[in-house]
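This report refers to the structure that appears directly beneath it.
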There are 2 protein chains.
Amino acid sequence: MSSEFKLENRLCFRLYAASREVIKQLRPFLEALDLTYTQYLVMVVLWEGGTCSVKQLGQRLYLDSGTLTPVIKNLEKKELLRRFRSAEDERVVMTEITDSGKALQRRANEMTADMQACMALDKSEKAALGDLLNKLLPQ
Amino acid sequence: MSSEFKLENRLCFRLYAASREVIKQLRPFLEALDLTYTQYLVMVVLWEGGTCSVKQLGQRLYLDSGTLTPVIKNLEKKELLRRFRSAEDERVVMTEITDSGKALQRRANEMTADMQACMALDKSEKAALGDLLNKLLPQ
DNA sequence: CCCAATTTAATTGTGTTCAATTTAATTATA
DNA sequence: TATAATTAAATTGAACACAATTAAATTGGG
C-alpha cells in the first residue's frame, strides 16, 4: 500500500476530521448559548449586520436554501430573528435580528476568546492555517 | 465590529467551509464510483487492510457507530463489503471487503492523483496544511 | 405589452453526524 | 460463581448538507 493512498495521509480526510473535531470542542460553548453550530454561524452574520437575506446568508456561509430555510425557521422559533419578505422584491426573504438575538450577542462575545483558544495553535500557526484554508475557498 | 468577531476571520468557520468545499470538488469522482464521501472513507480503510471492526473504523475515521452502522449497511447492500460477528467476541462486528470492493479499488486508485489535484495547493503548502491539521486532531 | 428566461426560497428525499439510550456479550470483583 | 461493571453495536431522534424539483416573483427581448 503506497503512502498516498493511506487514509491518514489524505489531506481531504484530515480537513474533514479536523473540522468535525473543532466543532466538537466548541459544543460546550454552543450549548451554553442553546445554539447548534450552524445556528451560531447564522447569528454571527446577523450580529455583524442586523439584517441579511437568505441568499446573502448562503453566499457568506456557502450553504443553500435547502440547509438554511430550516435553520432560520428554528432561529425564528427561538425568537432570535424575524423573517419577512422584502417589499422591493417579494422573492427575497430577509432575516432581522431581534432584541433577544442582540442580548445573546453579549454572552457570545464574552465566550469568543475561549472558543478560539480551543484550537491548540499559536498565533503564527493560526495565521498560516487561515491563509491556506482561504486558498481552498472559492475566489 | 471588531475583526475577531467577523465570520470570515474565524478559523473554525474557514475550516468548516473549506472542508465542505473540498468534498464538493470530489463529488464528480465519487459519483463515478457511486459512493458518498463517508462510504469512500470506509472503503479507503478496507482497501488498506481488507477487514476492520466497526470500532476500529470509528477510531480511524473519528466516527461513532451511530454514523457508521447505516453507512456500512449501505455498503453491504452494494455488496462492496460483508458484515459478520467476530467468533472470539460476539460483540464485535467485522467488515470484510468483497471481490466487487477490491475491483472498485482499481478504478478508485486511478482517480486518486486527480482527486488530490483538486486542492489548489503546491506540495509544500499541502505539507504545511497537513501538519497544522494534525495538531487539531486528538493526540 | 407578453411571454420566456431567470432568480429566490421552499420543498422533498437521501445520507450523514452526533447525543443518548438500549441490548447483548464479556470481564472483573466480591 | 453470581453479579456488577464495562464494552461494542445498534437504535432513536434532532439537525444538518445537498441535489433536484417546484412555485412565485421579476426581468428582458420581441
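Lettering follows sequence order; numbering is per chain, from 1.
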Of the candidates dA19(D), dA9(D), dG15(C), the side chain of Arg27(B) sits closest to dA19(D)
Side-chain N,O (Thr69(B)) to OP1/OP2 (dA9(D)) below 4.0 Å:
no
Taking atom P of dA10(D) as reference, at what distance in whole Å does atom CG of Leu57(B) sit?
11 Å
Among the nucleotides dA9(D), dA9(C), dT16(C), whichever has the atom closest to the side chain of Ser53(A) is dA9(C)
Given DNA chain C, 5'-ward residue of the pair Ile72(A) and Lys24(A), judged by closest heavy atom:
Ile72(A)
Glu8(A) atom CD, over 12 foreign heavy atoms within 6.0 Å
yes
Taking only side-chain N and O atoms of Lys73(A), does any of them lie within less than 4.0 angstrom of OP1 or OP2 on dT11(C)?
yes
So, do Arg83(A) and Leu75(A) sit near enough that their side-chain heavy atoms are less than 4.5 Å apart?
no
Length of the line joining Glu76(A):CD and dA9(C):P, which is rounded to integer Å:
14 Å
Using a 4.0 Å heavy-atom cut-off across all strands, classify Gln59(B) as base, sugar-phosphate, or nothing.
nothing
Assert: residue with more 5' nearest nucleotide on DNA chain C, out of Gly66(A) and Glu21(A), is Gly66(A)
Residue mapping more 5' on DNA chain D - nearest nucleotide basis, Arg20(B) or Gln56(B)
Gln56(B)
Side chain of Arg83(A) only, heavy atoms from C-beta on: which candidate in dT17(C), dA9(D), dA10(C) is closest?
dA10(C)
Spacing between Asn74(B) atom CG and dT17(C) atom P, to the nearest angstrom
13 Å
What is the separation between atom CG on Leu61(A) and atom P on dA17(D), rounded to the nearest whole Å?
10 Å
Counting side-chain heavy atoms from CB outward, which of dG15(C), dA9(C), dC16(D) is closest to Thr38(A)?
dC16(D)
So, OP1 or OP2 of dT17(C): does either fall under 4.0 Å of a side-chain N or O from Tyr16(A)?
yes
Using the closest heavy atom to pick a nucleotide of DNA chain D for each, name whichever of Arg91(B) or Pro70(A) lands nearer the 5' end.
Arg91(B)
Ring centre gap for Tyr62(B) and Tyr16(A) strictly below 6.0 Å:
no
For atom CE of Met94(A) and atom P of dT7(C), their distance in whole Å
19 Å
Can you tell me how far the CG atom of Asn134(A) sits from the CD atom of Gln139(A), to the nearest 0.5 Å?
11.0 Å
Contact class for Thr67(B) (heavy atom, under 4.0 Å): base, sugar-phosphate, or nothing?
base
Rounded to whole Å, how long is the line connecting atom OH of Tyr62(B) with atom P of dT16(C)?
20 Å
What integer distance in Å separates Leu35(A):CG from dA15(D):C1'?
13 Å
What is the distance, to the nearest angstrom, from the CD atom on Gln25(B) to the P atom on dC18(D)?
12 Å
Look at all strands and tell whether Ser65(A) reaches a base, only sugar-phosphate, or nothing, counting heavy atoms closer than 4.0 Å.
base
Kindly indicate whether the side chain of Arg10(B), heavy atoms from C-beta on, has any atom under 4.5 Å from the side chain of Glu4(B).
no
In terms of side-chain heavy atoms of Glu90(A), which of dA25(C), dA9(C), dT26(D) is nearest?
dT26(D)
Which part of the nucleic acid, if any, lies within reach of Leu63(B) when heavy atoms closer than 4.0 Å are counted: base, sugar-phosphate only, or nothing?
sugar-phosphate
By the 4.0 Å heavy-atom rule, please label Asp89(A) as base, sugar-phosphate, or nothing.
sugar-phosphate
Would the number of heavy atoms belonging to other residues, nucleotides or ligands and lying under 6.0 Å from NZ of Lys135(B) be above 12?
no
Indicate whether OP1 or OP2 belonging to dT16(C) is found under 4.0 Å from a side-chain N or O atom of Thr36(B).
yes
